[in-house]
Undergrad: 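Below is the structure I would like to discuss, written out as structure tokens.
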2 protein chains.
Amino acid sequence: MGLAKTEIFSKSQNDIANWAKVLGHPARVAILQHLFKINSCICGDLVLEIGLAQATISQHLKELKTLGLIQGTVEGTSVCYCINPENWLKMKHILTDFLNQDAFENPCC
Amino acid sequence: MGLAKTEIFSKSQNDIANWAKVLGHPARVAILQHLFKINSCICGDLVLEIGLAQATISQHLKELKTLGLIQGTVEGTSVCYCINPENWLKMKHILTDFLNQDAFENPCC
DNA sequence: TGATTTAATCGTAATATTGCAATAAATTAA
DNA sequence: TTAATTTATTGCAATATTACGATTAAATCA
């Protein structure tokens with residue numbers, strides 16, 4: 001069906017999955033890394049930085065915006081993007097908690 | 001096209017995306033959480049625990065196995081699954097490093 | 001042996017994702 | 001105003017993902 005049965009899972013489980021999902025494409029990983037590297041808004045040139053068509057980059061930016069990981073402000077003819085610190089931290093805590101659930105006794109098999 | 005252009009990204013970026021991707025479905029999140037909760041192998045009853053059909057669970061288990069996050073050993077007519085600690089740690093470090101790249105000066109916009 | 005149990009695989013359907021050309025929209029520059 | 005620049009949106013094609021019924025495979029039980 002291609003459609004996840006989100007209703008049978010908890011909000012927490014869906015949150016973890018949704019944050020992970022948006023990081024699940026190398027283009028979005030690269031965009032976020034570049035924004036951190038610049039450490040300020042970047043106006044334009046993301047298309048040159050990543051090697052994909054303008055329409056494709058725009059689509060990935062939209063997904064990052066929808067989840068709130070980045071924000072864009074119009075600056076003349078271009079748009080300036082930067083990381084949204086609050087939502088990055090929110091994601092970071094949710095995913096870190098998930099990743100830190102390990103203890104590894106595993107006394108079997 | 002539905003096919004990510006992985007070749008234009010670094011191995012590191014693809015690794016991050018691939019680990020994130022496997023966590024990008026609530027069923028797989030739930031499976032991993034259950035394995036941690038049990039903290040030992042679980043033989044059977046994952047289908048009952050998660051509310052999806054047996055074929056669907058088996059498919060998700062296969063993805064987790066392919067990435068090496070879980071391992072299964074045959075035990076009679078059933079299969080016992082548990083977390084693979086080495087690969088969990090590997091994933092944890094890769095994703096944690098990515099999540100910790102923040103510093104948040106952001107002196108613009 | 002034959003029946004039962006359990007998990008993997010196959011086949012199929014429906015939806016999602018990725019990518020890009022073409023176009024539209026919005027702003028600036030001449 | 002017109003042209004140029006930049007980003008968003010639309011439309012489409014191809015592949016991926018999700019889900020599940022049916023079947024198969026493998027081991028155990030009677």
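The sequence lines fix the lettering, A, B, ..., with proteins before strands; numbering per chain opens at 1.
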Undergrad: What integer distance in Å separates A:L52:CG from D:dT7:P?
TA: 15 Å

Undergrad: Which letter, B, S or -, goes with each nucleotide of nucleotides 10-17 of chain D from 5' to 3', with contact meaning a protein heavy atom under 4.0 Å?
TA: ---BBBSB

Undergrad: Whole Å only: how far is the CG atom of A:L46 from the P atom of D:dT6?
TA: 14 Å

Undergrad: Which atoms form the tightest heavy-atom contact between B:R28 and B:K21, and what is the distance?
TA: NH2-O, 3.5 Å

Undergrad: Any non-hydrogen side-chain atom of A:Y81 less than 4.5 Å from a side-chain atom of A:L64?
TA: no

Undergrad: What's the shortest heavy-atom distance between A:L67 and A:N18, and which atoms?
TA: CD1-O, 4.2 Å

Undergrad: Please give me every residue in residues 6-14 of chain A whose heavy atoms get under 4.0 Å of an atom in DNA chain C, ordered by residue number.
TA: none

Undergrad: Can you measure A:Q54 atom CD to C:dA24 atom P for me and round it to whole angstrom units?
TA: 15 Å

Undergrad: How is A:I57 classified with respect to the nucleic acid when contacts are heavy atoms under 4.0 Å: base, sugar-phosphate, or nothing?
TA: nothing

Undergrad: For C:dT6, does either OP1 or OP2 sit under 4.0 Å from a side-chain N or O belonging to B:Y81?
TA: no

Undergrad: Are A:I50 and B:F9 side-chain neighbours, meaning at least one heavy-atom pair lies under 4.5 Å?
TA: yes

Undergrad: Could you check whether any side-chain heavy atom of B:I83 comes within less than 4.5 Å of a side-chain heavy atom of B:L69, counting everything from C-beta outward?
TA: no

Undergrad: Starting at CG of B:L61 and ending at P of D:dA19, how long is that distance when rounded to a whole Å?
TA: 13 Å

Undergrad: Assign each of B:S58 and A:G24 to its nearest nucleotide of DNA chain C by heavy atoms, then name whichever residue's nucleotide is nearer the 5' end.
TA: B:S58

Undergrad: Base, sugar-phosphate or nothing for B:S78? Non-hydrogen atoms, less than 4.0 Å.
TA: sugar-phosphate

Undergrad: Could you label the plane-to-plane angle of the A:F36 and A:W88 rings as parallel, tilted or perpendicular, counting under 30° as parallel and over 60° as perpendicular?
TA: perpendicular

Undergrad: State, to 0.1 Å, how close A:I16 and A:L95 come at their nearest heavy-atom pair, and which atoms those are.
TA: O-CD2, 3.8 Å

Undergrad: Choose from C:dA7, D:dT7, D:dC20 the nucleotide whose nearest atom is closest to any side-chain atom of A:K5.
TA: D:dC20

Undergrad: Separation of A:H60 atom NE2 from D:dT7 atom C1', in whole Å?
TA: 16 Å

Undergrad: Quick one: which of C:dA8, D:dA8, C:dT6 gets closest to the side chain of B:T77?
TA: C:dT6

Undergrad: Under 3.5 Å, side chain of A:N87 to main-chain N/O of A:G68, donor-acceptor pair present?
TA: yes

Undergrad: If you take all heavy atoms of B:A27 and B:L52, which pair is closest and at what distance?
TA: CB-CD1, 3.8 Å

